[in-house]
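What follows is a short report on a single structure.
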Amino acid sequence: MTRKLTSAFSSRNPYAAALLLCLLFALGLPTTVMASDLLSATVDRNEIGIDETLNLRLRYSGTESGGQPDFELLEQDFDILSRQQSNQYRVINGRAESFVEWMLVLAPKREGKLFIPSLHYHGEVSDAIPITITEAGSRPDAVNRQAFLEVELDKKEIFVQEQLLVKVRLYTTIGLHDIATEALQVPGAHVEKVDEQRYERRINGVGHAVYELTYAIFPESSGKLTIPALNYVAVAGRRDPFSLFNRNTQRLRLRSEPQTIQVNPKPDTYTGTHWLPAASLGIVQSWSQDPDTFTVGEPITRILTLRAEGLRAAQLPPLPQLNVDGLKTYPDQPQQDDQVSTNGITGSRIETTAIVATKPGDYQLPPITITWWDTKTGRQRATQLPAFRFKVIGSAAATNTAPPGSAADLVPQPRTAMPADNFWRNLALAAIAAHLLWVFYYFWLQKQQGSSLRKPHPTNAGDKGKKAKELKRACQGNEPKAIQAALVRWVHARWPHTAGRSLAEASRLLQLPELTRLQSALDSAIYSSPARPLNQKEAQMLVDRLLRSPTEQVGSQQRKALPELF
């Protein structure tokens with residue numbers, strides 16, 4: 001062809017023929033530069049599936065060294081799963097040869113006709129290599145694949161906020177190790193991994209090892225929900241510790257198919273206050289002690305547990321508060337707990353309330369009804385905790401009904417209303433009588449304190465010593481209720497004017513820091529739910545300080561506090 005063109009041009013214009021020869025030489029020059037023998041690239045396969053990998057070998061035989069080839073263009077269409085480099089020197093038939101070699105494991109990013117681009121290193125350029133990427137499982141040998149992924153959904157359609165279980169299984173007939181899994185992320189849904197298993201399964205008479213992951217998915221809105229494709233990377237074969245490239249192994253990339261499911265909105269026929277799509281829902285009631293032993297003024301703890309299969313604890317609503325005449329309630333912070341299993345998530349909400357009766361009688365706690373949607377039968381259901389009846393014995397509480405040391409203990413109690421016609425008269429008489437009694441009590445207290453400073457009463461001193469020994473023994477036993485009872489008896493014996501008062505009232509009256517701290521620690525250990533353990537060393541230290549505290553100092557504090565109380 002060149003000769004024909006040259007002869008045609010030479011017969012007409014010899015200068016044109018010379019120009020054509022120069023042009024053809026210039027066009028042929030770049031091909032000699034690109035077809036460099038110093039830098040070569042080879043692959044093990046030219047046709048793979050989107051879920052497979054290929055090996056790229058790049059070899060440089062030049063004299064220059066250092067640096068790395070530029071793989072930026074290669075990463076546009078392929079993921080580089082691993083990269084290894086080796087420098088080799090060998091002698092064949094008396095001829096020495098040295099080269100540097102890179103071994104790359106590549107995974108395609110998309111299907112279609114792709115290219116391993118020309119790679120550059122120290123001025124040398126390798127040839128581009130065409131690669132055909134097919135769909136997963138579309139190759140002729142796909143039926144007998146050694147490893148593949150499977151995604152299974154437990155339902156064909158669900159409601160919004162309903163639990164969907166997604167199982168991702170890796171099947172293999174060869175030994176796989178170094179399995180790198182990709183975390184499942186679904187836009188518009190809450191995802192939690194709930195189970196991980198390994199077992200064996202036979203498919204068409206062939207045994208497969210199965211690695212299974214189970215996810216619980218809770219869609220946040222209705223419409224189409226797409227489970228995206230997952231990519232797993234694993235190494236097949238036996239590792240060779242003496243091989244630089246581990247040629248006995250093969251790195252595989254497995255890819256699953258995306259899945260789509262319909263998410264329906266809340267049914268229009270649902271009448272519940274809170275939307276609760278669950279496989280099952282129950283409510284359980286328990287008590288800190290036998291409810292038949294209710295006594296006026298003594299706290300008892302009620303524990304309600306709301307448990308739902310297929311719902312997270314954060315989805316469960318708060319339970320209604322008690323409002324019964326004659327009962328004081330002190331609710332604690334609710335607790336939430338999620339338990340995971342092969343069936344997904346079971347959420348629990350635990351509410352604890354301390355109840356104190358202020359007067360005797362027969363009481364009834366109202367029933368609690370929770371409306372929810374049964375995802376197994378596809379209909380609305382209601383779970384009810386029946387009403388609870390109990391009897392309270394004892395006399396009506398005339399003093400504070402809250403657990404000692406609690407916030408309610410500091411709130412003044414309401415007074416019983418008097419008839420309107422006698423109210424002001426009785427109020428005036430009570431004020432005069434209280435004023436006179438307080439004056440007599442003040443002078444009597446001054447006299448008693450003065451006599452106690454001069455000479456302690458022998459009987460009172462012996463009683464105080466006995467109560468102090470009881471308090472020490474109770475503290476050694478580290479039983480909060482026993483320590484509290486012994487402390488009350490000792491305080492009443494040490495300061496007789498506190499007789500008949502509760503420990504919290506005596507603590508506020510005496511204004512002793514040690515007594516206040518000890519009373520607070522005992523209340524936390526007795527009345528808190530769950531109970532807080534009592535620090536025995538701290539309790540013994542506070543008791544020792546109280547036993548050494550002088551009565552005179554407390555008396556002076558009381559005298560300073562009397563004008564404020566008056």
Side-chain angles (χ1 to χ4, degrees), residues 151-168 184-195 213-228 259-286 302-322 331 334-353 365-388:
V151 177
E152 178 184 336
L153 310 183
D154 70 330
K155 301 170 186 174
K156 296 182 179 179
E157 61 177 2
I158 59 175
F159 287 98
V160 62
Q161 297 181 3
E162 180 183 348
Q163 175 181 265
L164 172 68
L165 293 180
V166 178
K167 294 184 180 294
V168 182
L184 178 60
Q185 296 181 353
V186 181
H190 179 84
V191 182
E192 286 192 30
K193 188 176 77 171
V194 296
D195 190 43
L213 293 177
T214 304
Y215 296 91
I217 300 178
F218 299 87
E220 299 172 351
S221 59
S222 58
K224 294 290 185 181
L225 183 68
T226 300
I227 310 299
Q259 303 283 340
T260 303
I261 188 173
Q262 176 64 33
V263 180
N264 299 321
K266 180 180 68 173
D268 296 333
T269 57
Y270 185 75
T271 60
T273 305
H274 302 275
W275 171 240
L276 301 173
S280 64
L281 187 143
I283 183 170
V284 179
Q285 174 181 254
S286 60
R302 183 196 196 195
I303 304 172
L304 295 178
T305 303
L306 179 63
R307 182 178 291 106
E309 180 183 354
L311 287 178
R312 296 179 293 121
Q315 296 175 266
L316 300 179
L319 299 176
Q321 297 292 329
L322 281 178
Q335 300 179 4
Q336 297 181 348
D337 178 56
D338 286 331
Q339 296 180 351
V340 298
S341 65
T342 55
N343 296 325
I345 296 179
T346 299
S348 299
R349 181 183 176 92
I350 304 172
E351 295 191 3
T352 304
T353 305
L365 303 183
I368 299 177
T369 303
I370 304 295
T371 303
W372 56 286
W373 183 265
D374 191 341
T375 57
K376 293 182 178 179
T377 61
R379 61 185 180 90
Q380 178 176 312
R381 295 185 60 183
T383 298
Q384 186 180 74
L385 179 69
F388 182 77

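What you see is a predicted model; the values in this text were computed from it and never measured. We use all heavy atoms of the structure for the numbers below, so side chains are in, but hydrogens, waters and symmetry mates are not.
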(request) Test side chain to side chain contact (heavy atoms under 4.5 Å, CB included) on N264 and I158 and set out the steps. (result) CA-CA 6 Å; N264 299 321; I158 59 175; over 6 Å; no
(request) Compare every heavy atom of I261 with every heavy atom of K155, then report the nearest pair and how far apart it is. (result) O-CD1, 3.3 Å
(message) What I want to check is whether the side chains of Q335 and R349 have a donor and an acceptor closer together than 3.5 Å.
(response) no
(message) Evaluate R302 against E351 for salt bridge (Lys or Arg N to Asp or Glu O under 4.0 Å), listing each step before the verdict.
(response) CA-CA 8 Å; R302 183 196 196 195; E351 295 191 3; over 6 Å; no
(request) May I ask you to decide if F159's main-chain N or O and K266's side chain share a donor-acceptor pair within less than 3.5 Å? (result) no
(request) For Q259 and L153, run side chain to side chain contact (heavy atoms under 4.5 Å, CB included): C-alpha distance rounded to whole Å, both residues' side-chain angles, the deciding distance at 0.1 Å, then the answer. (result) CA-CA 8 Å; Q259 303 283 340; L153 310 183; 4.1 Å; yes
(request) For side chain to side chain contact (heavy atoms under 4.5 Å, CB included), just list the numbers for L276 and T371, CA-CA rounded to whole Å, side-chain angles, deciding distance to a tenth of an Å, and then say yes or no. (result) CA-CA 8 Å; L276 301 173; T371 303; over 6 Å; no
(request) Could you tell me whether the side chain of V168 reaches within less than 4.5 Å of the side chain of Y215, counting heavy atoms only? (result) yes
(message) Would you say that L164 contacts D154 through its side chain, given a criterion of any heavy-atom pair below 4.5 Å between the two side chains?
(response) yes
(message) Which label fits Y270 and W373: parallel for a plane angle under 30°, tilted from 30 to 60°, or perpendicular past 60°?
(response) perpendicular
(request) Answer whether the closest heavy-atom distance between the side chains of F218 and E162 falls below 4.5 Å. (result) no
(request) Might you point out which heavy atoms bring P187 and L225 nearest each other, and give the distance in Å? (result) O-CD1, 4.0 Å
(request) Return yes if some donor-acceptor pair links the side-chain N/O of T383 with the main-chain N/O of L281 below 3.5 Å, else return no. (result) yes
(message) Please give me the minimum heavy-atom distance between T369 and A382, naming the atom from each residue.
(response) CG2-CB, 4.2 Å
(message) On a heavy-atom basis, which atom in Q163 and which in G344 lie closest, and how many Å separate them?
(response) OE1-CA, 3.5 Å
(message) If you define the side chain from C-beta out and look only at heavy atoms, does anything of Q380 sit under 4.5 Å from D374?
(response) no
(request) Would you please name every residue forming a salt bridge (Lys or Arg N to Asp or Glu O under 4.0 Å) with R379, sequence neighbours left out? (result) none
(request) Could you pull out the closest heavy-atom pair between S222 and P265, with the gap in Å? (result) CB-N, 3.8 Å
(message) With rounding to the nearest 0.5 angstrom, report the OG1 to NZ distance, T214 to K193.
(response) 10.0 Å
(request) Considering non-hydrogen atoms only, spot the tightest contact between L184 and P228 and give its length. (result) CD1-CD, 4.3 Å
(message) Once side-chain contact (heavy atoms from CB on, under 4.5 Å) is applied, do any residues pair with T260, and if so which ones, sequence neighbours excluded?
(response) K224, T226
(request) Could you check if a side-chain atom of K167 sits within less than 4.5 angstrom of a side-chain atom of V151, using non-hydrogen atoms only? (result) no
(message) Given 3.5 Å as the limit, does a donor-acceptor pair link the side chain of T375 with the main chain of A278, or not?
(response) yes
(message) Whether the side chain of W275 engages the backbone of V160 through a donor-acceptor N/O pair (distance < 3.5 Å, no angle test) should be reported.
(response) yes
(request) Test side chain to side chain contact (heavy atoms under 4.5 Å, CB included) on I217 and I227 and set out the steps. (result) CA-CA 10 Å; I217 300 178; I227 310 299; 3.6 Å; yes
Acceptor/donor pairs from residues 303-322 side chains to any protein atom, 3.5 angstrom cut, sequence neighbours excluded:
from	atom 1	to	atom 2	distance (Å)
R307	NE	S348	OG	3.4
E309	OE1	S280	OG	3.2
Q315	OE1	R312	N	2.9
Q315	NE2	Q161	O	3.4

